[in-house]
Amino acid sequence: MKIISKGIVLLLLWSILLLHASWTSGSYKDTGKELIIDLPEGKLSLIPLNQNSVRVQFSQQGSTRLEELIYTENVQSPKYTIKETSEEITFRLQRLSVVFDKHKETLTFKDPNGRVLLQEKAGGRFMESSAIQGTPTYRVEQQFLSPKDEYLYGTGQFQDGYLNIRGLSRRLTQVNTQIAIPFVLSSKGYGLLWNNYGLTDFNPSDQSIQLAPIPNKSETLTVDATSTSGNKREVRQINAFTASIEIPEDGHYSLLLDVGQRMARKHYLSVDGQNVIDVNNIWLPPTTSIIIEMQKGKHEIEVQGDQKDQPILYWHKVTDQTAFRSPVAQALDYTVFAGTADEVIGSYRELTGPAPMMPLWSLGYIHCRERYNTQQELLENAREFRQRKLPIDVIVQDWQYWGKHGWNAMRFDEERYPDPVGMVRELHDMNIRLMVSVWSKIDPNSEVGKQVSAKGYYIPESEWVDFFNPEAAAFYWSNFSKKLLKAYHIDAWWQDATEPENDDLQNRRINNGRMPGELLRNVYPMYVNKTVYEGLRKDDPDRRALILTRSGFSGMQRYAAATWSGDVGHDWETLRRQIAGGLSQMATGLPWWTYDAGGFFRPSNQYIDTEFHEQFLRWLQAATFFPLLRVHGYMSQTEPWRYGKEVERITTQYLNLRYRMLPYIYSQSAAVSFVGSTLMRPLVMDFPTDHQALEQRHEFMFGPSLLVAPVTEGQVKQWNVYLPKHTEGWIDFWSGENMNGGQSVKVNVTLGKMPLFVKAGSILPLGPEKQYTSENTDKPWEIRIYPGADATFTVYEDEGDNYNYEKGKSATFQLKWKDTEKILEISDRKGSFTGMKKDLILNITVVSPQQGIGVKASTPTQTVTYSGKLMQVCSAQNE
């Protein structure tokens, strides 16, 4: 035994010597642009992108690089240092360092102070060869450690209702109402972008079970639905399915339900007779997830869904780790960004492209319904907005205006739209822009479709244009430009169903048959919107682009693309899920988002149903503080006056508030474009160490100053609001009352009032009420000062509807409040542009319970005329 023991010791010592011998200075290579470490399983590369981000790539012999779609900007490679010891290799940038552990072969990411931001899990790197449609590929996975107090946000817009997704399973696919963006933002001070274009599983589960139908347990429903061929009535049979699962130990478990079809009609899951998921909508994503507590032992599962469903339930115990897995890849590839949320997203946009300035008019009210049936109908409603003094900037023509010419024929049916040019001209005379729905799906029997078919430009066995084929994309744009843009001078574009709908790339070849669709399964919306944006910049260079689109991907912010949450219902639970979904997208760096205020699918008695009127108003109130404000509704006349005087009155109040906030909103949209900021902000962006703030799913910041707490339940007189930790406290927008931060408060609400607070130590510039964003008025601005701390705000202005700002044609000035001295300093104006007002009348209002509250302008503390020169205003607060 002693001899054997000595032998074992000698063997261990020899193994350690061999391990250390393998890590000589030649075990890695510094190319001057990256660090390459050779491992037995493959090559590990650390590529610095800027001073707070590093791209990690692990590849094996035979890996084929795909076209780079995410990182587009030519950023100079940053300087770095490398230090090696017997235990580790440290790769150091100014704002981030990466430590490679020689024994565990793991990476640890640290901030400049040496604090750990993120760690790979030992043994958590996985890569194995595979194939898809005969093309060699790989299955890849990377696991990371996640401490118990970490909060994670992102992966795009999902319908499961979660904002903090630590431990939650999600399947990242593009479908109606779901936008997959493989980016997460951590409360620990980092962001992670998983660089893969195909399907990705976030926190995947290896345990699963196929559910079996329950005999004689079904019900039949008839619904009005939308489809790729228009409106239709569907008869749906809802079946029940069952299975049993064995749980090995007590704990919290993440459950992922896959209905087994490309879209679901119902999400229903019960465990041991207790319902844990119950969501109904005409269309739903194919998967949904939840985290629940479960005890050791056997559990009975029931799922309800469409008769054609083939449901599978996946589950795993929630542990202190996070994982990304892609079944189709060419390399294991991810990027870590370090810093505050704004620094992370600013760095991401520096590398993937800035978001261009949206037109000023896009920040007003966008009115839509499904749909205007004639030119006369559209114009009559536009005129009615103006006659009723309801602010509006954009009216939308939804689908099927093409009529007899075929789906998306890129022309108006002359019988219903006899003079589209005149229609656009009349709208412009009313200072209203027109947005038109255009699809990437074209009827093959239409004039354009026959050419697409003849040239082989469709994705096989579908009616979707193959935008991966540059020739097909160019042909699409040439028709778009000639038949719609140049023919009618339409202002904005609604690129619908850019997923493509129903995840239609699966099992299909793309780019003229050159590759499997699975390789680029999640990036079809990137190609569509790139085609349209670049075409607009070329063929309509003097007008800013606005593209509204139903799907997105990392990097798409550079194409002036705003997403919306798709064809959703109208109830309270749906409202809550949309807000959480929008905030999740904000955490991924794509800054422009909205929803169909009031819901897309609405009740048949919507015009007289007071319960729906309450729901509509709460949807609208929340949307007043979204990046874009838009109403829409299926088979509905969505104009506010259709719902009675009270709905119209309250709608007008919030539209007036939106237009009054334009100086604030437009200045913050400039921060989105120029410094990578975010307008609609999950609370992790401003309060990353306030754990109670991090738990909030529906509260958010709108810009740096406004705390928005939407009411998401019916028939309430009070609403519970958490005021995040802020030393100087919060000021109620409606009453001027100051409240301490770090507490939950009950706020009185009415149908016309939602909770809204302003951070003490803020400056809120408000303009006059307007009927449209470019209305030229000499009425003064109101500069509301919320005292309690020093404050600054930079006002940005430009021409609002063109790209002259890219040539320096813009102006800024800074407002600076010195709280102790009660002095407001207004800086010199920097820059100029055509049409700039040389003089601005500013009503300075120091907010208190007596003044500066609510939507209407109040009696100012002082009034000054600002002429672009430095000035100080003494604004002693009224006692």
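Worth saying up front: this structure is predicted, and the values here are computed from it rather than measured.
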Please determine, by modelled atom types, if [X] and [Y] share a side-chain donor-acceptor pair under 3.5 angstrom.
{"X": "T106", "Y": "Q119", "result": "no"}
{"X": "Q621", "Y": "R618", "result": "yes"}
{"X": "E343", "Y": "N52", "result": "no"}
{"X": "T563", "Y": "Q157", "result": "no"}
{"X": "D504", "Y": "Y524", "result": "no"}
{"X": "R170", "Y": "T155", "result": "yes"}
{"X": "Y634", "Y": "D596", "result": "no"}

With sequence neighbours excluded, what pairs up with [X] under the side chain to side chain donor-acceptor pair (under 3.5 Å) test?
{"X": "D272", "result": "H299"}
{"X": "R325", "result": "E141, D206"}
{"X": "S565", "result": "Q578"}
{"X": "R349", "result": "none"}

Is there side-chain contact between [X] and [Y], with at least one heavy-atom pair below 4.5 Å?
{"X": "Y348", "Y": "L590", "result": "yes"}
{"X": "P724", "Y": "Q696", "result": "no"}
{"X": "N529", "Y": "Q495", "result": "yes"}
{"X": "R265", "Y": "W283", "result": "yes"}
{"X": "N195", "Y": "T335", "result": "yes"}
{"X": "D111", "Y": "Y190", "result": "no"}
{"X": "R550", "Y": "E501", "result": "yes"}
{"X": "L185", "Y": "M586", "result": "no"}

What's the verdict on side chain to side chain donor-acceptor pair (under 3.5 Å) for S146 and Q321, showing C-alpha distance, side-chain angles and the deciding distance? CA-CA 5 Å; S146 176; Q321 70 177 49; over 6 Å; no
Under 3.5 Å: donor-acceptor pair, side chain of [X], backbone of [Y]:
{"X": "H267", "Y": "N281", "answer": "no"}
{"X": "Q174", "Y": "R521", "answer": "no"}
{"X": "E120", "Y": "L107", "answer": "yes"}
{"X": "N176", "Y": "D567", "answer": "yes"}
{"X": "S551", "Y": "T498", "answer": "no"}

Aromatic ring centroids of F202 and F324 under 6.0 Å?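 They qualify: ring centres under 6.0 Å apart.
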What residue pairs, at least two apart or across chains, pass side chain to side chain donor-acceptor pair (under 3.5 Å) with a residue in residues 178-188?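 Qualifying pairs: D149-K188, E150-S186, T173-Q178.
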In Å and rounded to the nearest 0.5 Å, what is the CD to CH2 distance from E713 to W719? 4.0 Å
Over 60° means perpendicular and under 30° means parallel, so tell me whether [X] and [Y] are parallel, tilted or perpendicular.
{"X": "Y595", "Y": "F626", "answer": "perpendicular"}
{"X": "F687", "Y": "W730", "answer": "tilted"}
{"X": "W494", "Y": "W564", "answer": "perpendicular"}
{"X": "Y334", "Y": "F144", "answer": "perpendicular"}

Hey, which of V276, V318, L269 is the one that makes side chain to side chain contact (heavy atoms under 4.5 Å, CB included) with I292? V276
Suppose we screen for salt bridge (charged side-chain N to carboxylate O under 4.0 Å, His left out). Which residues come up paired with K296, at least two apart in sequence or across chains?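 Checked K296 against salt bridge (charged side-chain N to carboxylate O under 4.0 Å, His left out); zero matches.
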Residues which pass salt bridge (charged side-chain N to carboxylate O under 4.0 Å, His left out) with R577, listed by chain and number, not counting sequence neighbours: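 Partners of R577 by the salt bridge (charged side-chain N to carboxylate O under 4.0 Å, His left out) criterion, ordered by chain and then number, come out as E573.
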For Y314, is the NZ or CZ atom of R171 found under 6.0 angstrom from the centre of its six-membered ring and inside 45 degrees of the ring axis? yes
Give the C-alpha distance, both sets of side-chain angles, the deciding distance and a yes or no for side chain to side chain contact (heavy atoms under 4.5 Å, CB included) between L706 and V758. CA-CA 5 Å; L706 292 168; V758 186; 3.6 Å; yes
Short N-O contact, R166 and D320, less than 4.0 angstrom: yes
Would you call D309 and K266 a salt bridge, using N to O less than 4.0 angstrom? no
Contacts satisfying ring pair (Phe, Tyr, Trp, His ring centres under 6.0 Å) that involve residues 145-175 (not counting sequence neighbours) are Y151-H691
[X]: which residues meet the side-chain contact (heavy atoms from CB on, under 4.5 Å) condition with it, sequence neighbours left out?
{"X": "D686", "answer": "R681, M701"}
{"X": "P327", "answer": "L199"}
{"X": "K753", "answer": "W734, T750"}
{"X": "A240", "answer": "I214, K217, E302, Q304"}

Please check if atom CD in Q274 has more than 12 non-hydrogen atoms from other residues, nucleotides or ligands closer than 6.0 Å.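 Open: at most 12 neighbouring heavy atoms sit under 6.0 Å from CD of Q274.
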Please step through side chain to side chain contact (heavy atoms under 4.5 Å, CB included) for the pair L211 and L313, ending with a clear verdict. CA-CA 7 Å; L211 284 84; L313 183 71; 4.0 Å; yes
